[in-house]
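To start, the structure under review is shown below, and the notes come after it.
What you are looking at is a predicted structure, and each value in this text was computed from that prediction instead of being measured.
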Amino acid sequence: MSLVEINANVFKEAFISGANNISNNKEYINELNVFPVPDGDTGTNMTLTIMSAVSEINALKDITIQSLAKAIAGGSLRGARGNSGVILSQIFRGFCKEVQGCTVLTQEDVANGFAHSMETAYKAVMKPKEGTILTVARAMAETAADLLNEYDDIVDYLEEIVKAGDEALSRTPEMLPVLKEAGVVDSGGQGLIEIIKGIVAGLKGTPISLTEQGATQTLARGAGILSDTPGIRPSYVVGSGSEHISTADIKFTYCTEFIVLLDKPVDDAEVDKIKEFLLSIGDSLVCVADDEVIKIHVHTNHPGQAFEKGLEYGQLTRCKIDNMREEHNERVSMSHEVLAEKPTPKAEPVESEEVAEPAEAKKYGFVAVSAGDGLDTIFTEIGVDKIIHGGQTMNPSTDDILSAIKTVNAENIFILPNNKNIIMAANQASEICEDKNILVIPSFSIPQGIAAVLSFSEDMEPEDNKATMTEAFEDVKTGEVTFAIRDTSVDGKEIHKNNIMGISEKGIDVVGTDVQKVTQDLIDGMVDEDSGLISLYYGEDVTPEEADKLKELLEEKYSDLDVDIRFGGQPIYYYILSVE
C-alpha cells in the first residue's frame with residue numbers, strides 16, 4: 001500500500017526513528033572528523049541536539065503536525081550543541097516553520113519543507129562553505145523540488161531524495177581538500193543522511209530502535225547531570241545544593257514554568273506588558289514568544305498569579321512548579337550521603353564565613369566556558385560570574401548557556417565561548433534571551449577568553465567594551481597539546497594513534513611521541529620578535545614537577561620573555577598555551 005500523506009502519529013514515530021538512527025551511528029560519524037582529537041565530535045553533538053527535540057515531542061499530550069513542529073523546532077533550538085548541532089537545529093526550524101500549519105504532510109509540503117530548511121541553514125552560517133552539511137541539504141532540497149509529484153508514494157519520493165543526498169555527500173571530498181586528504185566524507189552531511197534514512201525507515205513501517213551503544217547518554221557537565229559515557233567523568237553539582245547557602249537567600253520560593261497556547265498572536269508591546277507583570281511578582285524571568293505560544297519561566301512566591309496572567313492569552317500546558325527551598329534541603333541531604341561514603345580528608349582549620357547576601361543587580365556580568373578546576377579559578381579571580389563546564393570535550397547547549405545567563409543579575413552580560421565550536425550556540429542563546437543585553441565575545445580558546453576579560457573596562461559602554469575585548473585577543477596566539485585517537489593524514493603529516501600533537505590556530509603543527517618536546521616545538525613555531533609573554537595551563541595528566549621542568553627550559557631558551565605557567569586541570573589536553 002502506498003503512502004500518500006503523513007499524519008501526525010506517523011510523523012512522530014518516523015522522526016524518532018531518524019533520531020535513533022543517528023544515535024546508533026554517532027561513533028561512526030565521530031570517526032569521520034578530519035582532526036583525530038578526542039573531542040565531543042559531530043556525531044555526538046548532532047545526536048544530543050536531535051534527542052533534545054525527541055524529549056519535547058515525547059512530552060506532548062496532543063499529537064498534531066502543529067504541536068510536533070513546535071516541539072521539534074524548540075527542542076532542537078535549545079538543545080543545540082556545537083556548530084553541527086546549531087546548523088541541524090536550523091534545518092529542523094526551517095522545515096517545521098514551513099509545515100506547522102498542516103494537518104497532514106503531502107509531497108508538496110515535504111518539498112517546501114526541504115527548501116525552507118536549506119534556506120534557513122544557509123542563513124545561519126556567516127560564511128557558508130560547500131562540501132559540508134549545507135551541500136547535502138541543498139542537494140536534497142533541489143531534488144525534492146525537481147521530483148515533486150513524479151511518485152505516487154511519499155516513501156519512493158523520499159528514497160530518491162536520500163539518493164541525491166548520498167551522491168552529494170560522496171562528492172564532498174572533491175569540494176574540500178582536507179576531506180580528500182583524510183579520506184573521509186563530511187561528518188555533518190553523513191549525520192543528516194543518517195537522520196533522513198531513519199525517518200524513511202520509520203515511514204516504511206520498519207522504524208529504527210536504539211541499540212545499547214546508541215542509548216548511551218552523553219550529557220554535558222554544565223547541565224549538572226552525571227554522565228555514564230566512557231571517557232566523560234561524572235561531576236557533582238555545587239551551588240544550590242551547597243549547605244552554606246541558606247534558604248533565607250531564596251527570595252522567591254517557587255520556580256514556575258509553563259507554556260501558553262495563544263488564542264491569537266501577541267505583538268511585542270503586549271509581550272513587554274506580560275514581562276512587566278511577571279517581574280512585579282518575581283525574578284529570573286525568561287519569556288519567549290512567537291505567533292502561537294509563549295514560554296515562561298519565573299521565580300515567584302505566587303505561581304497562581306503567573307498562571308492567571310497566562311490564561312488571559314490562551315490555554316496553559318507543560319505547567320511545572322518546583323519548591324526551591326525544598327529542593328535545596330534535599331540536595332544538601334544528598335550531599336551528606338555522598339560525602340558519608342567517602343573518606344574524610346584531614347582538614348585545615350578555617351575561619352568561619354558569613355553567608356553571602358544575594359548578588360545585587362549590576363551593569364555588567366560575565367559567563368565563560370571553562371574545562372578544568374584550575375581554569376575555573378582563574379576565570380573567577382578575574383571577575384567572571386558564572387562558569388559553564390564544557391569546551392572541546394563537550395560543547396554546552398544553547399539551553400546550558402541560557403541557564404547560565406539567568407543566574408547572572410546584570411543588565412549586560414558578556415559570553416565567552418572560548419571554543420570556535422561553541423560560538424554559534426552562544427549566538428543562538430543571545431538571540432533567544434530578551435530581558436538582558438547579551439554580547440558574545442567570539443573567543444576561540446581559553447587564553448583568548450582570559451585576555452578579553454582582562455581588557456574589560458567598567459567605564460566603557462557595552463558595544464565599546466565588546467570591540468575592545470575582541471581586539472585584545474586578536475594578537476594572542478594560542479595552542480593546545482593533545483593525543484591522536486586514530487591513524488590519519490592531515491596537511492601532509494602522517495599521524496598515528498596515540499601520537500602527541502601540537503595544534504595551533506593554523507592546524508596541526510607538530511607531531512611527535514613526547515609531550516614536553518612537542519610542547520616546546522609548538523611554542524618555538526609561535527614565538528617571534530614581537531612576543532613578550534608565554535602562558536601555559538597544564539592539564540590533569542601533567543604533574544607539577546613536569547610543568548616546572550618545562551618552565552625552566554622555556555625560561556632558559558627565551559630569557560627575554562616572561563613565562564607564566566599555572567594549573568588548568570583540563571582533561572584531554574596536556575597543555576593549553578598562548579604567546580603574546
Side-chain angles (χ1 to χ4, degrees), residues 19 40-42 44-57 59 70-97 117 120-121 123-126 133 188 191 217-225 257 259 284-290 293 295-297 318 365-370 386-408 413-443:
D41 281 332
T42 302
T44 300
N45 285 335
M46 294 181 76
T47 296
L48 289 168
T49 300
I50 195 172
M51 284 303 178
S52 178
V54 169
S55 295
E56 290 288 324
I57 66 175
K70 294 295 293 182
I72 291 169
S76 61
L77 179 73
R78 289 180 171 272
R81 295 176 188 269
N83 292 346
S84 55
V86 172
I87 294 172
L88 181 63
S89 74
Q90 293 302 307
I91 288 173
F92 291 155
R93 181 171 175 243
F95 186 94
C96 290
K97 188 171 184 180
S117 68
T120 306
K123 288 178 182 177
V125 180
M126 188 71 68
I133 185 175
Q217 294 300 305
T218 311
L219 297 168
R221 292 178 63 191
I225 303 175
E257 297 181 6
I259 292 175
S284 297
L285 174 65
V286 175
C287 179
V288 182
D290 63 17
V293 302
K295 186 169 184 178
I296 291 171
H297 167 285
R318 306 289 295 280
F366 297 87
V367 172
V369 178
S370 177
K386 180 67 176 179
I387 302 294
I388 303 174
H389 290 111
Q392 191 69 3
T393 54
M394 179 55 66
N395 301 146
S397 69
T398 300
D399 205 33
D400 291 335
I401 297 170
L402 285 169
S403 296
I405 289 170
K406 285 190 290 186
T407 68
V408 180
I413 300 176
F414 295 100
I415 308 296
L416 298 143
N418 299 331
N419 187 290
K420 64 182 179 181
N421 207 32
I422 302 174
I423 293 174
M424 287 186 73
N427 287 332
Q428 195 152 267
S430 72
E431 293 172 5
I432 294 174
C433 184
E434 296 183 344
D435 60 333
K436 297 173 182 177
N437 182 32
I438 307 302
L439 302 101
V440 177
I441 307 299
S443 50

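Taking the ring-ring contact (aromatic ring centres under 6.0 Å, His included) definition, one finds that Phe92 meets it with Phe15, sequence neighbours left out. Partners of Asn83 according to the side chain to side chain donor-acceptor pair (under 3.5 Å) rule, which considers only residues two or more places apart in sequence or in another chain, are Asn421. With sequence neighbours left out, Ser117 forms a side chain to side chain donor-acceptor pair (under 3.5 Å) with no residue at all. With sequence neighbours excluded, the residues satisfying side chain to side chain contact (heavy atoms under 4.5 Å, CB included) with Ala73 are Cys96. Residues that satisfy the side chain to side chain donor-acceptor pair (under 3.5 Å) test with Thr49, not counting sequence neighbours, are absent from this structure. Residues passing the side chain to side chain contact (heavy atoms under 4.5 Å, CB included) test with Lys97 are Gln100, His116, sequence neighbours excluded.
The main-chain N or O of Ala429 is never found under 3.5 Å from a side-chain atom of Thr398 such that the two would form a donor-acceptor pair. Side chain of Arg78 to backbone of Asp399: no donor-acceptor contact under 3.5 angstrom is found.
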Using the rule given for side chain to side chain contact (heavy atoms under 4.5 Å, CB included), can you reason through Ile405 versus Ile415, listing the C-alpha separation, both sets of side-chain angles and the distance that settles it, and then say yes or no? CA-CA 9 Å; Ile405 289 170; Ile415 308 296; 3.8 Å; yes
Could you walk me through whether Ser397 and Asp400 satisfy the side chain to side chain donor-acceptor pair (under 3.5 Å) test, starting with their C-alpha distance in whole Å, then the side-chain angles of each, then the deciding distance to 0.1 Å, before giving a yes or no? CA-CA 5 Å; Ser397 69; Asp400 291 335; 3.2 Å; yes
Would Met424 and Ile87 count as a side chain to side chain contact (heavy atoms under 4.5 Å, CB included) if you check the C-alpha gap in whole Å, the side-chain angles of each, and the deciding distance to 0.1 Å? CA-CA 9 Å; Met424 287 186 73; Ile87 294 172; 4.0 Å; yes
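Residues Gln428 and Gln90 are in side-chain contact: their nearest non-hydrogen atoms beyond the backbone lie under 4.5 Å apart. Here the side chains of Ile432 and Leu77 are in contact, with some heavy-atom distance below 4.5 Å. Between Thr42 and Ile133, the closest side-chain pair of non-hydrogen atoms is not below 4.5 Å.
Contact detail for Val440 and Pro417: the closest heavy-atom pair is CG1-CG, 4.0 Å. When every heavy atom of Ile57 is checked against every heavy atom of Ala71, the shortest pair comes out as CG2-CB, 3.6 Å. Considering all non-hydrogen atoms of both residues, Ala53 and Ile72 come closest at CB-O, 3.8 Å. For the pair Asn418 and Ser443, the tightest heavy-atom approach, listed with the atom from each and the gap, is OD1-OG, 2.8 Å. Of all heavy-atom pairs between Gly188 and Met46, the closest is O-CE, 3.6 Å. Summarising the geometry of Ala121 relative to Ile91, their closest heavy-atom pair is CB-CG1, 3.6 Å, with the distance given to 0.1 Å.
Taken from OG in Ser430 to CD1 in Ile423, the straight-line distance is 12.0 Å, to the nearest 0.5 Å. With rounding to the nearest 0.5 angstrom, the CE atom of Met51 is 9.0 Å from the CG atom of Leu48. Between the NZ atom in Lys386 and the OG1 atom in Thr407 there is a gap of 4.5 Å [rounded to 0.5 Å]. Atom NZ in Lys436 sits 10.5 Å away from atom CG in Leu402 (nearest 0.5 Å). Interatomic distance, CG of Leu416 versus CG of Leu439, reported as 10.5 Å (0.5 Å rounding). A distance of 10.0 Å separates NZ in Lys406 from CG in Asp435, rounded to the nearest 0.5 Å.
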